[in-house]
There are 2 protein chains.
Amino acid sequence: MELPIDVTRRQSDIIIEAARLFREKGYLATSIRDISEALEMTSAALYYHFKNKEEILLAIMNVGLDGLMTAVTQAISREKSIWERIRAALEVHLEISLTYQDFAFVLLKDLRHLSPEWQGSIIAKRDAYDNLWDEMLLEGREAGIFRENVDLELLRLMTFGAVNLVISWYKPSGVYQPKEIADAFLEFIGEGVLTDQAIAAYQILK
Amino acid sequence: MELPIDVTRRQSDIIIEAARLFREKGYLATSIRDISEALEMTSAALYYHFKNKEEILLAIMNVGLDGLMTAVTQAISREKSIWERIRAALEVHLEISLTYQDFAFVLLKDLRHLSPEWQGSIIAKRDAYDNLWDEMLLEGREAGIFRENVDLELLRLMTFGAVNLVISWYKPSGVYQPKEIADAFLEFIGEGVLTDQAIAAYQILK
DNA sequence: GTCTATACTCTGATAGAC
DNA sequence: GTCTATCAGAGTATAGAC
(Lines give C-alpha, C1' and ligand atoms only; values in the text may rest on other atoms or scores of the structure.)
Protein backbone atom coordinates (compact mmCIF):
# COMPACT_ATOMS: atom_id res chain seq x y z
CA MET A 1 0.00 0.00 0.00
CA GLU A 2 1.37 3.35 -1.07
CA LEU A 3 0.53 6.46 0.90
CA PRO A 4 -0.09 9.69 -1.02
CA ILE A 5 1.75 12.15 1.22
CA ASP A 6 5.34 12.89 2.15
CA VAL A 7 6.08 10.39 4.89
CA THR A 8 9.03 8.10 5.43
CA ARG A 9 8.67 4.37 4.82
CA ARG A 10 8.58 3.72 8.57
CA GLN A 11 6.02 6.45 9.21
CA SER A 12 3.87 4.92 6.53
CA ASP A 13 4.06 1.51 8.25
CA ILE A 14 3.03 3.08 11.52
CA ILE A 15 0.13 4.98 9.96
CA ILE A 16 -1.26 1.86 8.30
CA GLU A 17 -0.93 -0.32 11.38
CA ALA A 18 -2.31 2.35 13.71
CA ALA A 19 -5.31 2.87 11.42
CA ARG A 20 -5.99 -0.86 11.54
CA LEU A 21 -5.83 -0.93 15.34
CA PHE A 22 -7.81 2.28 15.83
CA ARG A 23 -10.53 0.79 13.70
CA GLU A 24 -10.44 -2.55 15.44
CA LYS A 25 -10.30 -1.38 19.05
CA GLY A 26 -10.97 2.35 19.00
CA TYR A 27 -8.50 5.20 19.37
CA LEU A 28 -8.49 5.46 23.15
CA ALA A 29 -8.46 1.69 23.64
CA THR A 30 -5.35 1.40 21.47
CA SER A 31 -2.16 2.14 23.34
CA ILE A 32 1.16 3.30 21.95
CA ARG A 33 2.45 -0.07 23.09
CA ASP A 34 -0.22 -1.90 21.07
CA ILE A 35 0.91 -0.10 17.94
CA SER A 36 4.62 -0.56 18.56
CA GLU A 37 4.25 -4.24 19.45
CA ALA A 38 2.28 -4.88 16.28
CA LEU A 39 5.24 -3.40 14.40
CA GLU A 40 7.73 -5.34 16.51
CA MET A 41 9.40 -2.28 17.90
CA THR A 42 9.46 -0.60 21.31
CA SER A 43 7.10 2.18 22.25
CA ALA A 44 10.04 4.56 22.60
CA ALA A 45 11.03 3.96 18.99
CA LEU A 46 7.62 5.20 17.86
CA TYR A 47 8.38 8.59 19.33
CA TYR A 48 11.26 9.02 16.96
CA HIS A 49 8.80 8.94 14.04
CA PHE A 50 5.88 10.82 15.59
CA LYS A 51 5.80 13.47 18.28
CA ASN A 52 2.87 11.81 20.05
CA LYS A 53 -0.17 9.58 19.64
CA GLU A 54 -2.35 12.41 18.44
CA GLU A 55 0.00 13.13 15.52
CA ILE A 56 -0.48 9.56 14.33
CA LEU A 57 -4.24 10.10 14.39
CA LEU A 58 -3.82 13.37 12.51
CA ALA A 59 -1.65 11.69 9.88
CA ILE A 60 -4.26 8.95 9.35
CA MET A 61 -6.95 11.54 8.80
CA ASN A 62 -4.87 13.65 6.44
CA VAL A 63 -3.87 10.63 4.40
CA GLY A 64 -7.49 9.47 4.24
CA LEU A 65 -8.95 12.80 3.21
CA ASP A 66 -6.19 13.65 0.74
CA GLY A 67 -6.51 10.25 -0.88
CA LEU A 68 -10.27 10.57 -1.22
CA MET A 69 -10.09 14.12 -2.56
CA THR A 70 -7.40 13.26 -5.11
CA ALA A 71 -9.09 10.12 -6.37
CA VAL A 72 -12.53 11.69 -6.71
CA THR A 73 -11.17 14.85 -8.34
CA GLN A 74 -9.29 12.77 -10.90
CA ALA A 75 -12.33 10.58 -11.59
CA ILE A 76 -14.49 13.65 -12.15
CA SER A 77 -12.01 15.22 -14.52
CA ARG A 78 -12.10 12.12 -16.73
CA GLU A 79 -15.86 12.36 -17.35
CA LYS A 80 -17.63 14.76 -19.67
CA SER A 81 -21.32 14.91 -18.71
CA ILE A 82 -22.43 16.01 -15.28
CA TRP A 83 -24.39 12.79 -14.93
CA GLU A 84 -21.29 10.72 -15.60
CA ARG A 85 -19.23 12.84 -13.22
CA ILE A 86 -21.70 12.25 -10.39
CA ARG A 87 -21.86 8.54 -11.12
CA ALA A 88 -18.07 8.29 -11.27
CA ALA A 89 -17.65 10.33 -8.07
CA LEU A 90 -20.04 8.02 -6.24
CA GLU A 91 -18.28 4.94 -7.49
CA VAL A 92 -14.80 6.20 -6.61
CA HIS A 93 -15.94 7.53 -3.24
CA LEU A 94 -17.28 4.07 -2.48
CA GLU A 95 -14.22 2.34 -3.87
CA ILE A 96 -11.78 4.43 -1.84
CA SER A 97 -13.91 4.19 1.30
CA LEU A 98 -14.09 0.42 0.97
CA THR A 99 -10.49 -0.14 -0.08
CA TYR A 100 -9.12 2.03 2.72
CA GLN A 101 -11.80 1.12 5.23
CA ASP A 102 -9.59 1.66 8.26
CA PHE A 103 -8.88 5.23 7.20
CA ALA A 104 -12.54 5.92 6.37
CA PHE A 105 -13.62 4.48 9.70
CA VAL A 106 -11.15 6.51 11.76
CA LEU A 107 -12.07 9.63 9.80
CA LEU A 108 -15.71 9.11 10.68
CA LYS A 109 -15.36 8.16 14.32
CA ASP A 110 -12.32 9.75 15.89
CA LEU A 111 -12.47 13.44 15.03
CA ARG A 112 -13.41 14.18 18.65
CA HIS A 113 -10.10 12.80 19.88
CA LEU A 114 -8.14 15.44 18.00
CA SER A 115 -7.29 18.68 19.79
CA PRO A 116 -9.44 21.65 18.70
CA GLU A 117 -6.74 23.17 16.48
CA TRP A 118 -6.16 20.00 14.49
CA GLN A 119 -9.86 19.34 14.41
CA GLY A 120 -10.25 22.66 12.62
CA SER A 121 -7.75 21.74 9.94
CA ILE A 122 -9.45 18.40 9.28
CA ILE A 123 -12.92 19.94 9.26
CA ALA A 124 -11.72 22.53 6.73
CA LYS A 125 -10.44 19.76 4.50
CA ARG A 126 -13.66 17.80 4.88
CA ASP A 127 -15.69 20.91 4.05
CA ALA A 128 -13.69 21.34 0.85
CA TYR A 129 -14.61 17.78 -0.11
CA ASP A 130 -18.27 18.36 0.76
CA ASN A 131 -18.20 21.51 -1.38
CA LEU A 132 -16.93 19.51 -4.33
CA TRP A 133 -20.03 17.35 -4.01
CA ASP A 134 -22.45 20.18 -3.42
CA GLU A 135 -21.23 22.00 -6.52
CA MET A 136 -21.53 18.83 -8.55
CA LEU A 137 -25.04 18.11 -7.26
CA LEU A 138 -26.07 21.70 -7.91
CA GLU A 139 -24.85 21.41 -11.46
CA GLY A 140 -26.82 18.19 -11.65
CA ARG A 141 -29.98 19.90 -10.58
CA GLU A 142 -29.44 22.73 -13.07
CA ALA A 143 -29.04 20.07 -15.75
CA GLY A 144 -32.40 18.65 -14.68
CA ILE A 145 -31.14 15.40 -13.19
CA PHE A 146 -32.79 15.75 -9.78
CA ARG A 147 -36.37 16.54 -8.96
CA GLU A 148 -36.88 20.20 -8.07
CA ASN A 149 -37.94 19.52 -4.51
CA VAL A 150 -34.88 17.47 -3.51
CA ASP A 151 -32.73 19.16 -0.86
CA LEU A 152 -29.18 18.76 -2.16
CA GLU A 153 -27.39 18.97 1.18
CA LEU A 154 -29.76 16.33 2.51
CA LEU A 155 -29.07 14.23 -0.57
CA ARG A 156 -25.31 14.44 0.05
CA LEU A 157 -25.76 13.61 3.72
CA MET A 158 -27.97 10.63 2.93
CA THR A 159 -25.55 9.47 0.26
CA PHE A 160 -22.60 9.60 2.62
CA GLY A 161 -24.78 8.09 5.33
CA ALA A 162 -25.64 5.15 3.10
CA VAL A 163 -21.98 4.74 2.16
CA ASN A 164 -21.08 4.68 5.85
CA LEU A 165 -23.68 1.99 6.35
CA VAL A 166 -22.05 -0.02 3.58
CA ILE A 167 -18.65 0.36 5.25
CA SER A 168 -19.95 -1.42 8.31
CA TRP A 169 -21.06 -4.50 6.34
CA TYR A 170 -18.67 -4.71 3.47
CA LYS A 171 -16.02 -7.42 3.50
CA PRO A 172 -13.38 -7.14 0.75
CA SER A 173 -13.64 -10.92 0.35
CA GLY A 174 -17.34 -10.74 -0.44
CA VAL A 175 -18.96 -11.02 -3.84
CA TYR A 176 -20.01 -7.40 -4.24
CA GLN A 177 -17.58 -4.97 -5.79
CA PRO A 178 -17.72 -1.19 -5.29
CA LYS A 179 -19.01 -0.63 -8.82
CA GLU A 180 -21.92 -3.01 -8.27
CA ILE A 181 -22.77 -1.42 -4.96
CA ALA A 182 -22.66 2.05 -6.51
CA ASP A 183 -25.03 0.88 -9.25
CA ALA A 184 -27.37 -0.74 -6.72
CA PHE A 185 -27.36 2.43 -4.71
CA LEU A 186 -28.19 4.58 -7.73
CA GLU A 187 -31.02 2.20 -8.51
CA PHE A 188 -32.31 2.30 -4.95
CA ILE A 189 -32.44 6.06 -4.50
CA GLY A 190 -33.06 6.54 -8.19
CA GLU A 191 -36.81 6.54 -8.32
CA GLY A 192 -37.00 8.85 -5.34
CA VAL A 193 -34.82 11.73 -6.49
CA LEU A 194 -34.06 11.35 -10.18
CA THR A 195 -36.24 12.82 -12.86
CA ASP A 196 -37.80 10.48 -15.41
CA GLN A 197 -35.46 12.02 -17.96
CA ALA A 198 -32.42 11.10 -15.84
CA ILE A 199 -33.67 7.55 -15.27
CA ALA A 200 -34.16 7.06 -19.00
CA ALA A 201 -30.63 8.34 -19.64
CA TYR A 202 -29.26 6.00 -16.98
CA GLN A 203 -30.91 2.99 -18.63
CA ILE A 204 -29.07 3.81 -21.85
CA LEU A 205 -25.70 4.17 -20.13
CA LYS A 206 -25.82 0.83 -18.34
CA MET B 1 -37.06 11.83 33.76
CA GLU B 2 -38.45 8.50 34.86
CA LEU B 3 -36.58 5.34 34.08
CA PRO B 4 -38.59 2.25 33.11
CA ILE B 5 -36.73 -0.44 35.02
CA ASP B 6 -36.21 -1.38 38.63
CA VAL B 7 -33.46 0.93 39.81
CA THR B 8 -33.15 3.07 42.88
CA ARG B 9 -33.49 6.83 42.66
CA ARG B 10 -29.73 7.26 43.01
CA GLN B 11 -28.96 4.61 40.40
CA SER B 12 -31.30 6.40 38.05
CA ASP B 13 -29.42 9.69 38.62
CA ILE B 14 -26.14 7.96 37.88
CA ILE B 15 -27.46 6.30 34.73
CA ILE B 16 -28.79 9.57 33.33
CA GLU B 17 -25.65 11.55 34.11
CA ALA B 18 -23.33 8.81 32.85
CA ALA B 19 -25.29 8.57 29.59
CA ARG B 20 -24.89 12.31 29.11
CA LEU B 21 -21.15 12.15 29.72
CA PHE B 22 -20.60 9.01 27.63
CA ARG B 23 -22.34 10.74 24.78
CA GLU B 24 -20.41 13.97 25.22
CA LYS B 25 -16.92 12.58 25.71
CA GLY B 26 -17.10 8.90 24.85
CA TYR B 27 -17.17 5.91 27.22
CA LEU B 28 -13.44 5.44 27.63
CA ALA B 29 -12.74 9.15 27.90
CA THR B 30 -15.22 9.45 30.76
CA SER B 31 -13.75 8.44 34.10
CA ILE B 32 -15.58 7.23 37.17
CA ARG B 33 -14.42 10.48 38.75
CA ASP B 34 -16.03 12.54 35.97
CA ILE B 35 -19.36 10.88 36.66
CA SER B 36 -19.14 11.13 40.44
CA GLU B 37 -18.03 14.78 40.37
CA ALA B 38 -20.91 15.68 38.08
CA LEU B 39 -23.19 14.20 40.72
CA GLU B 40 -21.28 15.89 43.54
CA MET B 41 -20.23 12.69 45.20
CA THR B 42 -16.95 10.83 45.54
CA SER B 43 -15.88 8.09 43.15
CA ALA B 44 -16.01 5.55 46.01
CA ALA B 45 -19.68 6.32 46.60
CA LEU B 46 -20.47 5.30 43.05
CA TYR B 47 -19.28 1.79 43.77
CA TYR B 48 -21.99 1.38 46.35
CA HIS B 49 -24.58 1.73 43.59
CA PHE B 50 -22.83 -0.11 40.77
CA LYS B 51 -20.28 -2.90 40.85
CA ASN B 52 -18.11 -1.24 38.23
CA LYS B 53 -18.06 1.14 35.29
CA GLU B 54 -19.18 -1.51 32.83
CA GLU B 55 -22.37 -2.14 34.79
CA ILE B 56 -23.30 1.50 34.38
CA LEU B 57 -22.86 1.14 30.63
CA LEU B 58 -24.95 -2.03 30.65
CA ALA B 59 -27.72 -0.31 32.62
CA ILE B 60 -27.80 2.58 30.11
CA MET B 61 -28.17 0.15 27.24
CA ASN B 62 -30.87 -1.92 28.93
CA VAL B 63 -32.85 1.17 29.86
CA GLY B 64 -32.53 2.51 26.33
CA LEU B 65 -33.57 -0.69 24.58
CA ASP B 66 -36.39 -1.53 27.00
CA GLY B 67 -37.78 1.97 26.69
CA LEU B 68 -37.70 1.83 22.90
CA MET B 69 -39.24 -1.63 22.73
CA THR B 70 -42.03 -0.77 25.17
CA ALA B 71 -42.93 2.53 23.53
CA VAL B 72 -42.96 1.14 19.99
CA THR B 73 -44.89 -1.99 20.99
CA GLN B 74 -47.54 0.15 22.67
CA ALA B 75 -47.77 2.51 19.70
CA ILE B 76 -48.24 -0.42 17.33
CA SER B 77 -50.96 -1.97 19.47
CA ARG B 78 -52.96 1.25 19.27
CA GLU B 79 -53.16 1.22 15.47
CA LYS B 80 -55.40 -0.92 13.33
CA SER B 81 -54.06 -0.99 9.77
CA ILE B 82 -50.56 -2.24 8.98
CA TRP B 83 -49.82 1.04 7.25
CA GLU B 84 -50.73 3.03 10.36
CA ARG B 85 -48.73 0.68 12.54
CA ILE B 86 -45.60 1.21 10.45
CA ARG B 87 -46.11 4.96 10.39
CA ALA B 88 -46.67 5.05 14.16
CA ALA B 89 -43.66 2.80 14.82
CA LEU B 90 -41.44 5.10 12.76
CA GLU B 91 -42.73 8.17 14.54
CA VAL B 92 -42.32 6.70 18.02
CA HIS B 93 -38.91 5.22 17.19
CA LEU B 94 -37.82 8.70 16.14
CA GLU B 95 -39.47 10.36 19.11
CA ILE B 96 -37.83 8.06 21.65
CA SER B 97 -34.45 8.22 19.89
CA LEU B 98 -34.56 12.01 19.88
CA THR B 99 -35.99 12.46 23.37
CA TYR B 100 -33.47 10.08 24.91
CA GLN B 101 -30.62 10.96 22.59
CA ASP B 102 -27.89 10.16 25.08
CA PHE B 103 -29.19 6.63 25.46
CA ALA B 104 -29.66 6.16 21.72
CA PHE B 105 -26.16 7.43 21.08
CA VAL B 106 -24.49 5.19 23.66
CA LEU B 107 -26.50 2.23 22.37
CA LEU B 108 -25.19 2.87 18.89
CA LYS B 109 -21.56 3.60 19.68
CA ASP B 110 -20.45 1.78 22.78
CA LEU B 111 -21.46 -1.84 22.35
CA ARG B 112 -17.81 -2.74 21.79
CA HIS B 113 -16.89 -1.61 25.28
CA LEU B 114 -19.12 -4.22 26.85
CA SER B 115 -17.62 -7.60 27.73
CA PRO B 116 -18.61 -10.42 25.34
CA GLU B 117 -21.22 -11.91 27.68
CA TRP B 118 -23.07 -8.64 28.20
CA GLN B 119 -22.70 -7.84 24.55
CA GLY B 120 -24.59 -11.01 23.79
CA SER B 121 -27.51 -10.05 26.02
CA ILE B 122 -27.78 -6.60 24.45
CA ILE B 123 -27.50 -7.98 20.92
CA ALA B 124 -30.28 -10.48 21.70
CA LYS B 125 -32.49 -7.64 22.86
CA ARG B 126 -31.65 -5.57 19.79
CA ASP B 127 -32.40 -8.54 17.54
CA ALA B 128 -35.82 -8.86 19.16
CA TYR B 129 -36.48 -5.22 18.32
CA ASP B 130 -35.23 -5.67 14.75
CA ASN B 131 -37.55 -8.68 14.43
CA LEU B 132 -40.51 -6.59 15.46
CA TRP B 133 -39.71 -4.31 12.53
CA ASP B 134 -39.01 -7.06 10.05
CA GLU B 135 -42.33 -8.75 10.81
CA MET B 136 -44.13 -5.46 10.46
CA LEU B 137 -42.42 -4.65 7.16
CA LEU B 138 -43.12 -8.15 5.88
CA GLU B 139 -46.78 -7.72 6.72
CA GLY B 140 -46.60 -4.39 4.91
CA ARG B 141 -45.25 -6.02 1.80
CA GLU B 142 -47.91 -8.72 1.91
CA ALA B 143 -50.49 -5.95 2.15
CA GLY B 144 -48.98 -4.44 -0.99
CA ILE B 145 -47.47 -1.33 0.60
CA PHE B 146 -43.93 -1.80 -0.69
CA ARG B 147 -42.75 -2.46 -4.20
CA GLU B 148 -42.00 -6.11 -4.83
CA ASN B 149 -38.29 -5.60 -5.44
CA VAL B 150 -37.55 -3.78 -2.15
CA ASP B 151 -35.25 -5.72 0.17
CA LEU B 152 -36.93 -5.42 3.57
CA GLU B 153 -33.83 -5.89 5.70
CA LEU B 154 -32.10 -3.23 3.65
CA LEU B 155 -35.14 -1.00 4.11
CA ARG B 156 -34.95 -1.42 7.88
CA LEU B 157 -31.22 -0.78 7.88
CA MET B 158 -31.61 2.36 5.77
CA THR B 159 -34.47 3.55 7.94
CA PHE B 160 -32.47 3.14 11.13
CA GLY B 161 -29.44 4.60 9.34
CA ALA B 162 -31.40 7.69 8.40
CA VAL B 163 -32.73 7.98 11.94
CA ASN B 164 -29.19 7.79 13.25
CA LEU B 165 -28.25 10.57 10.86
CA VAL B 166 -31.05 12.67 12.29
CA ILE B 167 -29.80 12.02 15.83
CA SER B 168 -26.52 13.68 14.97
CA TRP B 169 -28.17 16.92 13.84
CA TYR B 170 -31.31 17.20 15.90
CA LYS B 171 -31.43 19.77 18.68
CA PRO B 172 -34.48 19.51 20.97
CA SER B 173 -34.64 23.31 20.91
CA GLY B 174 -35.02 23.37 17.13
CA VAL B 175 -38.21 23.92 15.18
CA TYR B 176 -38.69 20.40 13.88
CA GLN B 177 -40.61 17.92 15.99
CA PRO B 178 -40.30 14.12 15.69
CA LYS B 179 -43.69 13.85 13.98
CA GLU B 180 -42.69 16.33 11.29
CA ILE B 181 -39.38 14.58 10.71
CA ALA B 182 -41.12 11.21 10.46
CA ASP B 183 -43.51 12.65 7.88
CA ALA B 184 -40.66 14.24 5.92
CA PHE B 185 -38.81 10.94 5.97
CA LEU B 186 -41.83 9.01 4.71
CA GLU B 187 -42.18 11.57 1.94
CA PHE B 188 -38.48 11.33 1.04
CA ILE B 189 -38.22 7.56 0.75
CA GLY B 190 -41.84 7.30 -0.29
CA GLU B 191 -41.53 7.50 -4.03
CA GLY B 192 -38.68 5.03 -4.02
CA VAL B 193 -40.21 2.13 -2.13
CA LEU B 194 -43.93 2.66 -1.76
CA THR B 195 -46.44 1.45 -4.32
CA ASP B 196 -48.67 4.00 -6.02
CA GLN B 197 -51.53 2.53 -4.06
CA ALA B 198 -49.74 3.15 -0.75
CA ILE B 199 -48.86 6.71 -1.74
CA ALA B 200 -52.46 7.43 -2.60
CA ALA B 201 -53.57 6.03 0.77
CA TYR B 202 -50.98 8.17 2.53
CA GLN B 203 -52.27 11.34 0.87
CA ILE B 204 -55.72 10.62 2.29
CA LEU B 205 -54.40 9.99 5.79
CA LYS B 206 -52.44 13.22 6.06
C1' DG C 1 16.79 4.50 14.46
C1' DT C 2 16.15 1.66 18.04
C1' DC C 3 16.97 0.24 22.58
C1' DT C 4 16.54 0.10 28.20
C1' DA C 5 14.96 2.29 31.96
C1' DT C 6 12.08 5.14 34.13
C1' DA C 7 9.27 9.43 35.44
C1' DC C 8 4.88 10.94 35.97
C1' DT C 9 -0.08 10.92 35.61
C1' DC C 10 -4.46 9.03 35.61
C1' DT C 11 -7.43 5.10 35.84
C1' DG C 12 -10.60 1.64 38.02
C1' DA C 13 -11.31 -0.25 42.17
C1' DT C 14 -11.10 -1.47 47.39
C1' DA C 15 -10.78 -1.11 52.70
C1' DG C 16 -12.54 0.60 56.46
C1' DA C 17 -14.29 4.73 59.31
C1' DC C 18 -18.45 7.31 60.05
C1' DG D 1 -24.86 5.76 51.79
C1' DT D 2 -21.01 8.52 51.68
C1' DC D 3 -16.54 9.56 53.07
C1' DT D 4 -10.91 9.49 53.30
C1' DA D 5 -7.11 7.14 51.95
C1' DT D 6 -4.84 4.30 49.15
C1' DC D 7 -3.33 0.70 45.74
C1' DA D 8 -2.05 -1.67 41.62
C1' DG D 9 -1.85 -1.21 36.94
C1' DA D 10 -1.71 1.02 32.62
C1' DG D 11 -1.17 5.08 30.03
C1' DT D 12 1.90 8.69 27.55
C1' DA D 13 6.14 10.39 27.13
C1' DT D 14 11.24 11.30 27.91
C1' DA D 15 16.44 10.67 28.87
C1' DG D 16 20.29 8.84 27.45
C1' DA D 17 23.09 4.65 25.82
C1' DC D 18 24.23 2.22 21.61
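Numbered from 1 within each chain, the chains take letters A, B, ... in sequence-line order.
- Arg20(A) has a carboxylate O that lies under 4.0 Å from a charged side-chain N of Glu24(A), or vice versa, which qualifies the two as a salt bridge.
- Rounded to whole Å, atom P of dT11(C) lies 18 Å from atom CD of Glu54(B).
- Taking atom CG on Leu46(B) and atom C1' on dT11(C), their separation rounds to 14 Å, with Å as the unit.
- In this structure, the nucleotide among dC3(C), dA13(D), dA15(C) sitting nearest to the side chain of Ala45(A) is dC3(C).
- Straight-line distance from the OH atom of Tyr27(A) to the C1' atom of dT12(D): 10 Å, rounded to whole Å.
- Looking at Glu135(B), Glu91(B), Glu79(B), Glu139(B) one by one, the single match for salt bridge (charged side-chain N to carboxylate O under 4.0 Å, His left out) with Arg85(B) turns out to be Glu139(B).
- For the pair Thr42(A) and dC3(C), the criterion of a side-chain N or O lying under 4.0 Å from OP1 or OP2 is met.
- When each of dA13(C), dT12(D), dC3(C) is scored by its nearest atom to the side-chain atoms of Ser31(A), the top-ranked nucleotide is dT12(D).
- In this structure, Tyr48(B) does not reach the dT2(D) phosphate: none of its side-chain N or O atoms is under 4.0 Å from OP1 or OP2.
- Residues Val106(A) and Leu57(A) share a closest heavy-atom pair of CG1-CD1, 3.5 Å.
- OP1 or OP2 of dA13(C) lies within a sub-4.0 Å distance of a side-chain N or O belonging to Tyr47(B).
- The residue Arg33(B) sits close to a base: some heavy atom pair falls under 4.0 Å.
- Between Arg10(A) atom CZ and dG1(C) atom P there is a gap of 10 Å when expressed in whole angstrom units.
- The distance from atom CD of Gln11(A) to atom C1' of dT2(C) is 15 Å, rounded to the nearest whole Å.
- Sequence order on DNA chain D of the closest nucleotides to Lys51(A) and Asp34(A) puts Asp34(A) first from the 5' end.
- One can place CD1 of Ile32(A) at 11 Å from P of dT14(D), the figure rounded to the nearest angstrom.
- Within 4.0 Å (heavy atoms only), Ser36(B) reaches no atom of the nucleic acid at all.
- Taking CZ of Arg141(A) as the reference point, atom OG1 of Thr195(A) lies at 12.5 Å (rounded to 0.5 Å).
- Here the two rings, on Tyr129(B) and His93(B), have centers that are under 6.0 Å apart.
- Summarising the geometry, the separation between CG on Leu39(A) and C1' on dC3(C) is reported as 16 Å, rounded to the nearest angstrom.
- Distance CG (Asn52(A)) to P (dC8(C)): 20 Å, rounded to an integer number of Å.
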